[in-house]
Amino acid sequence: NTEDFARLLHMTAHDWRTALDRRLRPLGLSRATWMVLAFVRKLGSPNQTQLADQLGLEGPSIVRLIDRLEREQLVERRAAQDRRVKTVHLTPKGEELSAEIWRVAGHLRKELLRDIPIEEVERSMALLSQLHRRLEQMQ
């Protein structure tokens with residue numbers, strides 16, 4: 001029943017993030033913190049706008065998050081070629097923490113997908129990518 005597709009997709013994403021939140025709790029990380037650190041690592045020192053887009057946040061929200069992570073010495077901002085643009089980089093402390101986030105997330109992903117054939121995962125990813133592109137075109 002396609003009427004339940006969006007609800008199921010939303011609940012699965014929510015439950016996945018919640019499970020990861022529980023596993024990262026011993027590190028003292030909020031969802032916003034671990035998501036920023038994970039995406040800075042994944043994107044390789046993005047600018048603030050790229051990071052906000054990937055996380056689905058507004059500019060002021062990402063600025064506040066990065067300000068806090070800078071105070072905690074987990075990230076630092078650097079001027080890009082265009083000095084109006086700031087890129088976000090992990091500090092050594094942030095690099096260590098983001099590596100642990102990725103390790104924990106990888107274990108969760110393996111546990112969740114352990115008995116699902118790779119072909120099913122790839123088909124699901126193709127479908128989700130197609131839906132994502134359609135939604136981007138609607139904006």
Side-chain angles (χ1 to χ4, degrees):
N1 180 349
T2 59
E3 292 173 6
D4 290 333
F5 182 81
R7 182 190 59 77
L8 185 57
L9 181 62
H10 171 75
M11 292 306 300
T12 301
H14 175 270
D15 292 347
W16 194 319
R17 284 189 304 271
T18 300
L20 189 51
D21 279 342
R22 279 193 305 270
R23 291 179 184 212
L24 293 172
R25 192 170 295 140
L27 298 175
L29 300 174
S30 70
R31 179 176 296 176
T33 300
W34 68 252
M35 288 185 76
V36 169
L37 293 173
F39 272 95
V40 170
R41 182 183 185 94
K42 179 180 181 175
L43 299 172
S45 304
N47 67 44
Q48 293 179 160
T49 302
Q50 292 168 325
L51 195 52
D53 289 346
Q54 286 293 311
L55 293 169
L57 297 173
E58 298 296 322
S61 296
I62 196 69
V63 168
R64 284 190 302 274
L65 275 169
I66 294 169
D67 285 346
R68 192 176 84 231
L69 293 175
E70 268 191 319
R71 283 191 302 275
E72 294 174 15
Q73 299 178 340
L74 296 170
V75 300
E76 64 183 14
R77 290 179 176 102
R78 297 181 193 157
Q81 284 184 335
D82 177 347
R83 293 197 180 275
R84 295 170 294 178
V85 176
K86 301 288 185 201
T87 55
V88 182
H89 301 259
L90 294 170
T91 63
K93 181 179 172 183
E95 184 65 44
E96 185 178 318
L97 192 52
S98 70
E100 181 65 9
I101 293 165
W102 276 88
R103 186 189 70 72
V104 171
H107 284 301
L108 176 60
R109 187 173 46 255
K110 284 178 187 171
E111 187 177 330
L112 288 171
L113 300 175
R114 73 177 174 270
D115 57 354
I116 300 173
I118 189 66
E119 297 81 15
E120 278 190 52
V121 174
E122 289 171 348
R123 278 194 303 276
S124 298
M125 287 174 54
L127 173 61
L128 292 172
S129 294
Q130 183 178 8
L131 293 173
H132 182 70
R133 284 190 302 276
R134 284 185 185 174
L135 288 165
E136 284 182 329
Q137 291 170 355
M138 290 179 181
Q139 294 179 3

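Just so it is clear, the model here is predicted, and its values are computed rather than measured. In what follows, residues are counted from 1 in the order of the sequence shown.
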Taking atom NE2 of H89 and atom CZ of R78, what is their separation to the nearest 0.5 Å?
-> 4.5 Å

Flag side-chain contact, heavy atom, 4.5 Å: T33 against L97 = no

W102 with F39, same ILVMFWY side-chain cluster at under 4.5 Å | no

E72 atom CD, over 12 foreign heavy atoms within 6.0 Å = yes

Answer whether the closest heavy-atom distance between the side chains of L20 and W34 falls below 4.5 Å.
-> yes

Hydrophobic cluster mates of L131, side-chain heavy atoms under 4.5 angstrom, ILVMFWY only, any path?
-> F5, L9, L127, L128

Under the side chain to side chain donor-acceptor pair (under 3.5 Å) rule, what do E136 and H132 come out as? Steps first, then yes or no, please.
-> CA-CA 6 Å; E136 284 182 329; H132 182 70; 3.1 Å; yes

Members sharing L135's hydrophobic cluster, built from side-chain contacts under 4.5 Å between Ile, Leu, Val, Met, Phe, Trp and Tyr, are M138

Judged by atom type as modelled, is there a donor-acceptor pair below 3.5 Å linking the side chain of R41 to the main-chain atoms of A38?
-> no

In Å, rounded to the nearest 0.5 Å, how long is the span from CZ of R17 to CG of L108?
-> 12.5 Å

OG/S124 to CD1/I116 distance, rounded to the nearest 0.5 angstrom?
-> 8.0 Å

Minimum heavy-atom distance between L37 and S98, given as atom pair plus value | O-CB, 3.8 Å

CZ (R109) and CH2 (W16) are apart, to the nearest 0.5 Å, by 7.0 Å

E58, CD atom: more than 12 neighbouring heavy atoms under 6.0 Å | no

Candidate pair E100 and R103, rule salt bridge (charged side-chain N to carboxylate O under 4.0 Å, His left out), full reasoning = CA-CA 5 Å; E100 181 65 9; R103 186 189 70 72; 2.6 Å; yes

Quick check: does any side chain N or O of T91 sit under 3.5 Å from a backbone N or O of L74, one acting as donor and the other as acceptor?
-> yes

For I62, the option from D53, V88, L51, D67 that meets side-chain contact (heavy atoms from CB on, under 4.5 Å) = L51

Spatial distance of atom CD (Q137) from atom CD (Q139) [nearest 0.5 Å] = 10.5 Å

Atom NZ of K42: over 12 foreign heavy atoms under 6.0 Å | no

Non-hydrogen side-chain atoms of I101 and M35 separated by less than 4.5 Å = no

Is it possible for you to say whether L43 and L57 belong to one hydrophobic cluster, with membership spreading through side-chain heavy-atom contacts below 4.5 Å?
-> yes

For residues R77 and V63, determine if any side-chain heavy atom of one lies less than 4.5 Å from a side-chain heavy atom of the other.
-> yes

Between CG on residue L55 and CZ on residue R31, distance to nearest 0.5 Å = 12.0 Å

Identify the heavy atoms of P117 and D115 that sit nearest to each other, and give their distance.
-> CD-O, 3.7 Å

What closest approach, in Å, do R22 and P26 show between heavy atoms, and which atom pair accounts for it?
-> O-CD, 3.7 Å

